[in-house]
Amino acid sequence: MSEIVLALNDLEAGYGRAALVLRGLSVTVEAGQVVCLVGPNGAGKSTVLRVASGLLAPRSGTVVLSGEDVTGLAPQDLLTRGLAHVLQGHSVFPEMTVAENVLLGGFTVRDGALLARRAERVKELFPVVGERWGSIAGLLSGGQQKQVEFARALMLEPRVVLLDEPSMGLDPRTTQTVFDQIDLMRRTGVAVLLVEQNARRALETADVGCVLDLGTVHISGPARDLLADPRLGALYLGGAARG
Ligand SMILES: Nc1ncnc2c1ncn2[C@@H]1O[C@H](COP(=O)(O)OP(=O)(O)OP(=O)(O)O)[C@@H](O)[C@H]1O
């Protein structure tokens with residue numbers, strides 16, 4: 001078994017005085033593995049990512065990053081420890097250039113030569129980022145902006161990347177590119193925890209799938225098995241499962 005990079009253990013979390021959204025949820029992600037969370041709207045998928053990245057403190061349970069208990073640390077601290085969160089929707093700074101957006105991701109790197117090497121690496125991984133390096137980010141298409149966000153997230157060479165609905169609003173061809181990039185991240189050894197509405201497409205890319213229901217992991221297993229699981233076919237995959 002590969003190294004467990006991220007372990008979410010028995011999490012309970014919610015917003016204000018409202019009822020708990022997560023009720024004893026546990027998920028682990030290994031190095032070089034894509035784990036996908038699927039489930040109905042409001043199941044708590046984004047909430048899992050918010051707790052993992054420090055945006056929301058859990059009421060109980062732990063977040064363990066590479067063996068270290070990081071529960072309750074701020075997002076900035078988690079980022080410098082190797083956990084990056086690519087939020088839902090577009091989070092590029094539209095008035096800034098692609099270069100400025102990407103280099104922001106390396107904000108803690110003081111060594112200029114190292115920063116330049118990291119920038120070259122992400123340009124290789126995401127060719128469109130290199131091609132549009134000097135362009136104003138807001139002028140790029142949605143799919144291109146998503147790749148700028150991925151590039152920015154990789155500038156600190158994270159061990160784990162949380163991706164919230166990366167294909168949202170993208171056409172099928174661009175969605176394919178985004179999933180190809182997720183596959184590429186995995187092959188560089190990054191652990192990916194992915195939330196996707198497009199459950200079928202996500203499970204086709206993921207190694208492991210977790211179905212959330214009532215604030216906990218209802219079903220989990222190899223993504224390929226879940227794709228063939230009749231319980232999922234009817235509920236989340238838009239019809240009967242393919243055999
Ligand atoms: N900032 C917030 N304040 C209060 N309640 C919230 C907040 N964000 C989410 N919730 C509630 O928490 C529950 C889970 O939301 P969450 O966004 O995690 O679900 P999700 O599974 O990601 O849904 P979707 O697939 O629709 O994006 C929902 O009932 C939602 O209304």
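First listed ligand is number 1; within each ligand, the first listed atom is number 1. Atom set for the values below is all heavy atoms of this structure, side chains included, hydrogens, waters and symmetry mates excluded.
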- [ ] Begin with the C-alpha distance, continue with both residues' side-chain angles, and end with the deciding distance and a verdict on side chain to side chain contact (heavy atoms under 4.5 Å, CB included) for Leu184 and Ile182.
- [x] CA-CA 5 Å; Leu184 209 60; Ile182 294 169; over 6 Å; no

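A salt bridge is defined here as a Lys NZ or Arg NE, NH1 or NH2 lying under 4.0 Å from an Asp or Glu carboxylate O, and Arg159 with Glu3 meets this definition. Ion pairing between Glu149 and Arg152 fails under the 4.0 Å rule for side-chain N and carboxylate O.
For ligand 1, the atoms closer than 4.0 angstrom to any heavy atom of Val21 are 12 (O), 13 (C), 14 (C). Under a 4.0 Å criterion applied to the non-hydrogen atoms of Arg50, ligand 1 contributes the atoms 8 (N), 9 (C).
No side-chain N or O of Thr205 forms a donor-acceptor pair with one of Arg186 less than 3.5 Å apart.
Tyr15 CE1, 3.5 Å is the protein heavy atom nearest to atom 9 (C) of ligand 1. Among all non-hydrogen protein atoms, the one lying nearest atom 25 (O) of ligand 1 is Gln197 NE2, 2.6 Å. When hydrogens are left out, the protein atom nearest atom 20 (P) of ligand 1 is Lys45 N, 3.5 Å; that is the closest non-hydrogen contact. When hydrogens are left out, the protein atom nearest atom 17 (O) of ligand 1 is Ser46 CB, 3.7 Å; that is the closest non-hydrogen contact. For atom 23 (O) of ligand 1, the closest non-hydrogen atom of the protein is Gly42 N, 2.9 Å. Summary of contacts: the protein heavy atom closest to atom 18 (O) of ligand 1 is Thr47 OG1, 2.5 Å.
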Side-chain polar contacts of residues 112-124 - donor-acceptor pairs under 3.5 angstrom, sequence neighbours left out - could you list them?
| residue | atom | partner | partner atom | Å |
| --- | --- | --- | --- | --- |
| Arg118 | NH1 | Met155 | O | 2.8 |
| Glu120 | OE2 | Lys123 | NZ | 3.3 |

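At a 4.0 Å heavy-atom cut-off, ligand 1 touches Asn41 through backbone and side chain alike.
Applying side-chain contact (heavy atoms from CB on, under 4.5 Å) to Val208 and the options Val35, Val29, Val34, Val27 leaves one that passes, Val35. For the side-chain contact (heavy atoms from CB on, under 4.5 Å) criterion with Val48, the lone passing option out of Leu56, Val195, Leu212 is Leu212.
Contact between Pro40 and ligand 1 is present, with at least one heavy atom of the residue lying under 4.0 Å from the ligand. For the pair Gly44 and ligand 1, a heavy-atom separation below 4.0 Å is found.
For Glu196, there are no salt bridge (charged side-chain N to carboxylate O under 4.0 Å, His left out) partners at least two apart in sequence or on another chain.
Under the 4.0 angstrom criterion, atom 30 (C) of ligand 1 counts as lacking any protein heavy-atom contact.
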